[in-house]
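First the structure, in the form of structure tokens, and then the observations on it.
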Amino acid sequence: LRQELEARNRDLAESLQRENAKDKKLQERDRQLAEALEQQTSTSEILGIIANSATDLQPVLDAVAENAARLIDAQDAIIHRLDGDVLRDAAHFGAIPRTADDTPLNRDSVAGRAVVDRQLVHVHDMQAESEVEFPLAKSRAVRDGTRSVLGAPLHREGLPIGAIII
């Protein structure tokens with residue numbers, strides 16, 4: 001009788017493990033579907049704005065900044081456009097206050113470095129960075145309370161035109 005109960009308990013435990021594994025797979029698929037839906041919704045919103053703003057770029061840039069922040073659950077997003085040797089704010093979404101200051105096109109900021117190096121720049125904790133690594137970005141991060149920063153260069157026909165910072 002004892003052996004039979006132990007065998008049934010093992011069978012039950014194995015069955016529960018299989019059910020838990022199935023449940024985890026379903027939860028992962030649900031998460032992936034929700035993420036895909038959110039991406040499609042954002043894309044649809046931006047395309048709708050593009051269709052309705054054929055001559056005005058600002059609503060499009062605003063929508064891109066807002067949707068970029070929303071998609072990755074960021075507090076803030078900034079789109080910079082390249083204007084000569086400076087980056088100017090073109091769109092902003094979020095609570096971090098912006099200044100009218102231009103960002104010099106050099107490696108002292110995340111945006112500048114992303115454009116100059118033509119690659120993603122991810123800083124896990126800007127406030128922990130040395131003053132030498134990102135002097136301009138570090139001072140802004142301390143002022144604004146920013147920690148993690150991701151910068152992506154924006155290109156058109158292979159040439160840099162700006163950056164998006166999240």
Side-chain angles (χ1 to χ4, degrees), residues 21 24-25 27-50 53 55-166:
K24 286 181 182 179
K25 285 181 183 179
Q27 287 176 358
E28 176 61 19
R29 285 186 186 150
D30 285 349
R31 187 195 63 74
Q32 290 173 346
L33 284 172
E35 186 176 293
L37 179 60
E38 189 173 5
Q39 289 174 355
Q40 288 177 348
T41 300
S42 292
T43 301
S44 175
E45 287 176 16
I46 292 169
L47 290 174
I49 292 169
I50 289 171
S53 304
T55 59
D56 188 7
L57 183 60
Q58 193 60 52
V60 175
L61 294 175
D62 291 340
V64 169
E66 179 179 352
N67 282 283
R70 191 177 67 218
L71 277 174
I72 64 167
D73 199 25
Q75 294 178 354
D76 213 72
I78 305 164
I79 296 176
H80 297 284
R81 66 176 176 79
L82 184 59
D83 186 11
D85 59 353
V86 297
L87 292 165
R88 299 188 195 282
D89 287 2
H92 173 248
F93 174 82
I96 297 175
R98 299 300 304 150
T99 64
D101 300 340
D102 292 334
T103 301
L105 183 59
N106 58 37
R107 299 182 85 245
D108 291 350
S109 69
V110 174
R113 187 170 296 192
V115 173
V116 169
D117 293 352
R118 294 181 180 210
Q119 64 183 11
L120 287 173
V121 176
H122 184 202
V123 182
H124 294 277
D125 188 351
M126 184 59 76
Q127 293 187 22
E129 287 292 325
S130 73
E131 296 287 339
V132 175
E133 189 64 26
F134 291 98
L136 180 59
K138 166 100 179 188
S139 66
R140 288 179 178 173
V142 169
R143 178 193 71 204
D144 299 336
T146 304
R147 304 297 291 205
S148 182
V149 180
L150 176 67
L154 301 174
H155 295 128
R156 182 171 184 232
E157 297 177 1
L159 299 174
I161 60 169
I164 184 167
I165 307 301
I166 299 174

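Being a predicted model, the structure only gives us computed values, none of them experimental. As a basis for the values below, the full set of heavy atoms in this structure was taken, side chains included, without hydrogen atoms, waters or symmetry mates.
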Using residues 69-77 as the side-chain source, report each donor-acceptor pair under 3.5 Å to any protein atom, sequence neighbours left out, with the distance given to one decimal.
unit_1, atom_1, unit_2, atom_2, d
Arg70, NH2, Ser42, OG, 3.1
Arg70, NH2, Glu45, OE1, 3.4
Arg70, NH2, Asn67, OD1, 2.4
Asp76, OD1, His92, NE2, 3.0
Asp76, OD1, Ala95, N, 3.3
Asp76, OD1, Ile96, N, 3.1
Asp76, OD2, His92, NE2, 3.0

Any side-chain heavy-atom pair from [X] and [Y] closer than 4.5 angstrom?
X      : Y      : value
Leu136 : Pro104 : yes
Val110 : Met126 : yes
Val116 : Leu105 : yes

Kindly compute the distance separating [atom1] ([X]) from [atom2] ([Y]), expressed to the nearest 0.5 Å.
X      : Y      : atom1 : atom2 : result
Asp102 : Asp85  : CG    : CG    : 9.5 Å
Leu87  : Ile161 : CG    : CD1   : 11.5 Å
Arg81  : Leu154 : CZ    : CG    : 12.5 Å
Ile79  : Glu66  : CD1   : CD    : 11.0 Å
Leu57  : Asp62  : CG    : CG    : 9.0 Å
Leu82  : Thr103 : CG    : OG1   : 11.0 Å

Would you say [X]'s side chain and [Y]'s backbone share a donor-acceptor pair under 3.5 angstrom?
X      : Y      : result
Lys138 : Ser130 : no
Asp56  : Gln58  : yes
Glu38  : Leu33  : no
Ser44  : Gln40  : no

Taking all non-hydrogen atoms of both residues into account, name the closest pair between [X] and [Y] and its distance.
X      : Y      : answer
Leu120 : Ala152 : CD2-CB, 3.4 Å
Ile166 : Ala68  : CD1-CB, 3.7 Å
Val115 : Pro160 : CG1-CB, 3.7 Å
Gly112 : Ser109 : N-OG, 2.9 Å
Ala114 : Pro153 : O-CB, 3.3 Å

Check: Can you list every pair that meets ring pair (Phe, Tyr, Trp, His ring centres under 6.0 Å) and has a residue in residues 108-151, with sequence neighbours left out?
Finding: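 Qualifying pairs: His122-His124.
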
Check: Which residues satisfy the side-chain hydrogen bond (donor to acceptor under 3.5 Å, both in side chains) test with Asn106, sequence neighbours excluded?
Finding: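 With sequence neighbours excluded, Asn106 shows a side-chain hydrogen bond (donor to acceptor under 3.5 Å, both in side chains) to no residue whatsoever.
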
Notebook entry, point to check: Among all residues two or more places apart in sequence or in another chain, which pass the ring pair (Phe, Tyr, Trp, His ring centres under 6.0 Å) test with His155?
Noted result: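 Here no residue qualifies.
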
Notebook entry, point to check: Thinking salt bridges, do Arg31 and Glu28 make one under a 4.0 Å N-O criterion?
Noted result: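 Yes, Arg31 and Glu28 are salt-bridged.
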
Note to self: So, using side-chain contact (heavy atoms from CB on, under 4.5 Å) as the criterion, who are the partners of Gln27 when residues are at least two apart?
What the structure shows: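 Partners of Gln27 by the side-chain contact (heavy atoms from CB on, under 4.5 Å) criterion, ordered by chain and then number, come out as Asp23.
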
Note to self: Tell me which pairs pass side-chain hydrogen bond (donor to acceptor under 3.5 Å, both in side chains) where either residue lies in residues 112-121, with sequence neighbours left out.
What the structure shows: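 Of all non-adjacent pairs touching residues 112-121, those that pass side-chain hydrogen bond (donor to acceptor under 3.5 Å, both in side chains) are Arg107-Asp117, Arg113-Glu133.
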
